[in-house]
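Take a look at the structure below.
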Number of protein chains: 2
Amino acid sequence: MKQEIKSELTRQLIIDKAFVLFYKNGFHAISVDKVMKETKLTKGAFYHHFKDKKELGLAVISDRIQSRVYDNMILPLLEVGDPFSILKTVFCERIKNFSIEEKQSGCPINNLINEISDSEVAYQLALKKIIEEWKLALIQLLEKAKTNNLIASEVNTSSVAVFLISAFEGVRGIRKLYNNDVVLEDYLLAVERYIDLLR
Amino acid sequence: MKQEIKSELTRQLIIDKAFVLFYKNGFHAISVDKVMKETKLTKGAFYHHFKDKKELGLAVISDRIQSRVYDNMILPLLEVGDPFSILKTVFCERIKNFSIEEKQSGCPINNLINEISDSEVAYQLALKKIIEEWKLALIQLLEKAKTNNLIASEVNTSSVAVFLISAFEGVRGIRKLYNNDVVLEDYLLAVERYIDLLR
DNA sequence: ACTAAAACATTACAATTGGTATGTTATTAT
DNA sequence: ATAATAACATACCAATTGTAATGTTTTAGT
């Protein structure tokens, strides 16, 4: 019982350090050695807990990235309240509260999506699952708003969801190129206007 | 004189093969060896033409990626005509005409932006230059439309430009996760509507 | 024709890569 | 208390990485 906990703890430690390193430097740029140097453990420990580097990558996605998106981008969508201010919370306030690190390093999902080649199916499926969950939550919110006659019936909710997610992921990439927030502020102005025009 | 041409030809050959490989697999996933195997030349040839791998990466950006963006996304913006249909040409028609490869492999700029870590300044500058050029052309188009009273004066053109670019780059990433075009169609519906609402 | 330089090829190399084999130590069930 | 197993550490491996040194061949100016 105690062993089980310690095992899970080191597993999480490895995933933790890996997430940060992958996030900041990219998946391919970080070796197992570098991850384990950060944990102050050895390679032996790594291959005891993980089959290979791929398994670590998938664990980072499902154990860290997924929950990040769920907590920050999905959960707020499920709360009761004005759908427009909820949307602004998720797609605007979230960005305003970003740390310097989160601005410089971009979005963990987006980084991975664009780094991973089209041949690495397992990663794609894991990442797709997150995006799909996010998209679905958005559609539900928008459909509810539609039912309550808050947005026009001709609005294609799936389309709006994809557009919002795309723009969000897009700026987070673009922002990485700058060392100021001008581009984020431009984005914010545009999304806010876009969300208002849904009414 | 003839030698000069041949030299430039092999240089371009290396850049060509590198671009395709980087595009499909990612920059870090492709070694100098793999690039040169594709050119059927040797490493000696490579290091005769390039200082290091980094120089190749920068050459790919400025010699291939930049012109790609210029031809497809910037030049059409400079033509005379209805700004709204021009915008749709660039942000909609272009996507509709994508090859399967261009759908699966995403956007070359976006791939690089999100793969390259925040520490690799040279790459960032090269990529930023492209985005800035694109953004500027968009702003000019929108400002002209504003002058002609085609779009409302309260529209922030810089903001719209950033939003359009972000959404475009965003979907190209998201699309990589799927093996169908649903997400692209959703995006298209939304941008078209967004562009129309600029009037 | 001859020489210098450019365009490449060959070989070598230390460092790093992902991964394995084989240890040792701690924990647990009996 | 002991035997088994889990949690690691150590040492090793072949392959690949980016790069340098040193070749050879082609081209160009004289």
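Note on naming: letters A, B, ... go to the chains in the order of the sequence lines (proteins, then strands), and numbering restarts at 1 for each one.
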* Round to the nearest Å and state the distance from Lys54(A) atom NZ to dG19(C) atom P. => 10 Å
* Structure fact -> For Val121(B), the hydrophobic cluster (side chain heavy atoms closer than 4.5 Å, chained through members) also holds Leu125(B)
* **Reading 5' to 3' through nucleotides 3-8 of chain D, protein heavy-atom contacts under 4.0 Å coded B for base, S for sugar-phosphate only, - for none** => ---SBB
* How long is the line joining CE of Met36(B) and C1' of dT16(D), in whole Å? -> 17 Å
* Polar side-chain atom of Ser85(B) near backbone of Asp82(B) as donor-acceptor pair, under 3.5 Å -> yes
* Within a reach of under 6.0 Å around NZ of Lys51(B), are more than 12 heavy atoms found that belong to other residues, nucleotides or ligands? -> no
* Would you call Leu197(B) and Glu192(B) a side-chain contact if the rule is heavy atoms closer than 4.5 Å? -> no
* Supply the atom-to-atom distance Leu21(A) CG to Ile30(A) CD1, rounded to the nearest 0.5 angstrom. => 4.5 Å
Could you pull out all donor-acceptor pairs under 3.5 Å where a side-chain atom in residues 72-79 of chain B meets a protein atom, sequence neighbours excluded?
{"from": "Asn72(B)", "atom 1": "ND2", "to": "Arg68(B)", "atom 2": "O", "distance (Å)": "3.0"}

* Asked: Rounding to a whole Å, what distance do you find between Lys40(A):NZ and dA9(D):P?
  -> 13 Å
* Structure fact -> Asn114(B) meets the side chain to side chain donor-acceptor pair (under 3.5 Å) criterion, sequence neighbours left out, with Asn110(A), Asn110(B)
Are there any protein N/O atoms within less than 3.5 Å of an N/O atom in nucleotides 16-18 of chain C, and if so, which ones and at what distance?
{"from": "dT17(C)", "atom 1": "OP1", "to": "Ser31(A)", "atom 2": "OG", "distance (Å)": "3.2"}
{"from": "dT17(C)", "atom 1": "OP1", "to": "Lys34(A)", "atom 2": "NZ", "distance (Å)": "3.4"}
{"from": "dT17(C)", "atom 1": "OP2", "to": "Ser31(A)", "atom 2": "OG", "distance (Å)": "3.2"}
{"from": "dG18(C)", "atom 1": "OP1", "to": "Lys53(A)", "atom 2": "NZ", "distance (Å)": "3.1"}
{"from": "dG18(C)", "atom 1": "OP2", "to": "Val32(A)", "atom 2": "N", "distance (Å)": "3.0"}
{"from": "dG18(C)", "atom 1": "N7", "to": "Lys43(A)", "atom 2": "NZ", "distance (Å)": "2.9"}
{"from": "dG18(C)", "atom 1": "O6", "to": "Lys43(A)", "atom 2": "NZ", "distance (Å)": "3.4"}

* Asked: Which pairs with one or both residues in residues 141-151 of chain B pass side-chain hydrogen bond (donor to acceptor under 3.5 Å, both in side chains), sequence neighbours excluded?
  -> Glu143(B)-Thr157(B)
